[in-house]
Amino acid sequence: MTSHRDPELSALVSYKETLDRFQDALGSIREISEFISTNRQAIEPEWRATIEIESTSVQGIPSARTRGAVAALGEHLQNLLKVGKEFDNAKESPEIRSARKAAVAELSNQLEAKFRDLSDETFDAASYAHQMLSVSAPRRRTEVLHSSLLTSAVADFEVLFSQVVGMYFSLRPQALSSRELQFSWDDIQQFDSIDELRSFHADRQVEQLMWKGFEEWMEWLEKKLKIKLSEIAMDSDDVKEVFQRRHVIIHNGGHVSRQYLKKAPSAPSTLKIGDKLHVTKEYLESSLDQLFTLGVMMLSAAFFKLVSTKGVLDKAEERLASLTHKMLVDKQWAPALQIAKASAALVRTDGARMALQINLWAAQKKLNGLKSIQRDVEAWDTSTLRGDYAMSRYALLDNFEESWKLATKLLATGEINRKLIEELAVLVDDEVELMTRLTSEIGPTD
């Protein structure tokens, strides 16, 4: 890491590097998740077998019958478990054994009756249901991988939080002073200077805090830096649930615990202790959005509260604007929207604020359509601003021709460069048309 005498310049370097590492870490997890999805047939050959059974073995059979056969067998197995539980607490006797046998026989008769109703000479419901059960049962590999990726993402967030705490003590060394702080003479003799002793104490404070849980971390942020979870998270309840799900994956085999039900406010009310919590691709991607948004805003909010040098803050503002634009390029609309919105309360300059507002509108447009931003963008007066703002306004409103006309004019006068025109792609509705025109009328990238 680059070293600076000025602690705020050092903090800026650390801020940028920490953001980059966190973005790379979660980006890698997204890429692995996509790889799993793309290669699911290789990871789970049973999944392909299921598709083949559905597409060939029962070709022409109404889906209501095939699904009914599988549902009947599933219900039968659940009922068998219920019968077992009912008799588990009863004292074993000939009467109990006879009653259990009769109950099982009744369930088997009910299942056979359902299979008969669903079967004919072209379709054997019983055979199909058992075949589907045999290929469906082992399908857990992708979920194991998704669960591992989720725990890795939460670990990356924990590293980020520890760096936020470290930055706090680095820029606010007076926070280390405490009447309860005690060092023995042996402790002091280990260090060559007060700075080394202070650094040791800061590391110890970080370590002690990291042993606590997510709720305590957020309480520390609010107490020390006046940063509230509700103001920086996409959804504070959902992100709490992510941490609790990670906890039960590691400590309870992925099954609902009493602590999970107590500390996960967004958990479905139908969940019971012992139920299995699944980590699907969709859940993982949503969790990555939650973690990335919270991590970026937690680090950024802390940085802007701890730093006061204008030049340093200017660089941090540029980094936030470029980050939200990169997220638009990567089609991460929801986190881009929240980060741009929350960052607007941090930045001080009009240029950074307008850049974030443009990115916010672009994300909102991608999520909810042009009508969701049209009135606000039309009301945006760019007549006294630089030409590239008017160009962006036209692009946001999908007025492609006016935006393109202004872009080529500004390019000819040197007011903008080709890269800035390329960045319009995240604002317009038809990105392909923009890049095609850019290549055909201006020429390919050098």
Side-chain angles (χ1 to χ4, degrees), residues 12-35 153 156-157 159-160 163-164 232-234 284-304 312-347 349 351-368 373 388-389 391-392 395-396 403 407 416-432 434-435 438 445:
L12 176 63
V13 174
S14 177
Y15 170 73
K16 290 182 176 180
E17 291 180 347
T18 301
L19 270 184
D20 288 342
R21 284 195 297 268
F22 189 58
Q23 188 173 15
D24 288 345
L26 267 60
S28 297
I29 291 175
R30 291 183 190 276
E31 291 172 1
I32 296 171
S33 175
E34 190 58 38
F35 176 84
D156 289 324
F157 179 90
V159 172
L160 181 73
Q163 290 167 331
V164 170
I232 59 175
M234 286 180 64
L284 175 62
E285 291 177 347
S286 174
S287 298
L288 291 174
D289 286 347
Q290 295 283 351
L291 291 170
F292 186 71
T293 300
L294 179 59
V296 169
M297 291 314 307
M298 177 180 67
L299 177 63
S300 299
F303 182 84
F304 278 85
V312 171
L313 290 172
D314 288 345
K315 294 294 184 182
E317 290 182 356
E318 293 173 8
R319 184 69 182 84
L320 271 178
S322 64
L323 173 67
T324 52
H325 183 271
K326 175 66 166 55
M327 296 176 71
L328 293 174
V329 173
D330 293 340
K331 304 187 187 310
Q332 296 172 19
W333 317 127
L337 176 63
Q338 175 61 23
I339 291 174
K341 181 179 179 181
S343 297
L346 301 178
V347 299
T349 63
R353 195 171 291 111
M354 280 192 283
L356 289 168
Q357 181 63 66
I358 290 171
N359 292 340
L360 186 155
W361 278 328
Q364 189 174 341
K365 176 182 173 182
K366 296 294 184 180
L367 288 168
N368 305 313
I373 66 168
D388 56 306
Y389 287 117
M391 176 185 70
S392 297
L396 284 168
S403 182
I416 63 171
N417 55 27
R418 181 195 174 97
K419 183 176 182 296
L420 193 56
I421 300 180
E422 291 176 352
E423 291 178 354
L424 285 177
V426 299
L427 308 183
V428 298
D429 184 56
D430 191 343
E431 299 178 23
V432 176
L434 174 76
M435 300 311 291
L438 189 60
T445 305

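The structure displayed is predicted, hence computed values, not measured ones. Just so you know, residue 1 is the first one in the sequence shown, and it goes up from there.
When all heavy atoms are compared, the tightest approach of L12 to K315 is CD2-CB, 3.7 Å. The shortest heavy-atom contact between I358 and Y389 is CD1-CD2, 4.0 Å. Minimum heavy-atom separation, A302 to V164: CB-CG1, 3.8 Å. Shortest non-hydrogen contact noted between T18 and L160 is CG2-CD1, 3.1 Å. The shortest non-hydrogen separation linking F22 to L291 is CZ-O, 3.6 Å. Closest of all the heavy-atom pairs between L424 and A407 is CD1-CB, 4.5 Å.
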With a cut-off of 3.5 Å and sequence neighbours excluded, list every side-chain donor-acceptor pair involving residues 335-344.
from: Q338; atom 1: NE2; to: A233; atom 2: O; distance (Å): 3.4
from: S343; atom 1: OG; to: I339; atom 2: O; distance (Å): 2.6

Got a list of side-chain donor-acceptor pairs under 3.5 Å for residues 326-333, not counting sequence neighbours?
from: K326; atom 1: NZ; to: D330; atom 2: OD1; distance (Å): 3.3
from: K326; atom 1: NZ; to: D330; atom 2: OD2; distance (Å): 2.6

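Between F303 and Y15, the ring planes are parallel. Angles under 30° get that label, and only those over 60° would be called perpendicular.
Here CE of M298 is found 9.0 Å from CD of Q163. Values are rounded to the nearest 0.5 Å. The line from CG of L427 to NZ of K365 is 7.0 Å long, rounded to the nearest 0.5 Å. Put simply, CG on L26 and OG on S28 are 9.0 Å apart, with the number rounded to the nearest 0.5 Å. The distance from the CG atom of L313 to the OG1 atom of T349 is 9.5 Å, given to the nearest 0.5 Å. The distance from the CH2 atom of W361 to the CG atom of L356 is 12.0 Å, given to the nearest 0.5 Å. Taking CE from M234 and OG1 from T293, the interatomic distance works out to 5.0 Å, rounded to the nearest 0.5 Å.
Between I29 and D156 the shortest side-chain heavy-atom distance falls below 4.5 Å. Put simply, the side chain of R21 does not reach to within 4.5 Å of the side chain of V159, judged on heavy atoms. Using a 4.5 Å heavy-atom threshold, the side chains of R30 and D289 count as touching.
Side chain of K16 to main chain of R319: no donor-acceptor pair is present (N/O by atom type, distance under 3.5 Å, no hydrogens or angles). Looking at T324, its side chain does come within 3.5 Å of a backbone N or O of A321 through a donor-acceptor pair.
Residues forming a side-chain hydrogen bond (donor to acceptor under 3.5 Å, both in side chains) with D314 (at least two apart in sequence, or on another chain): K310, R348.
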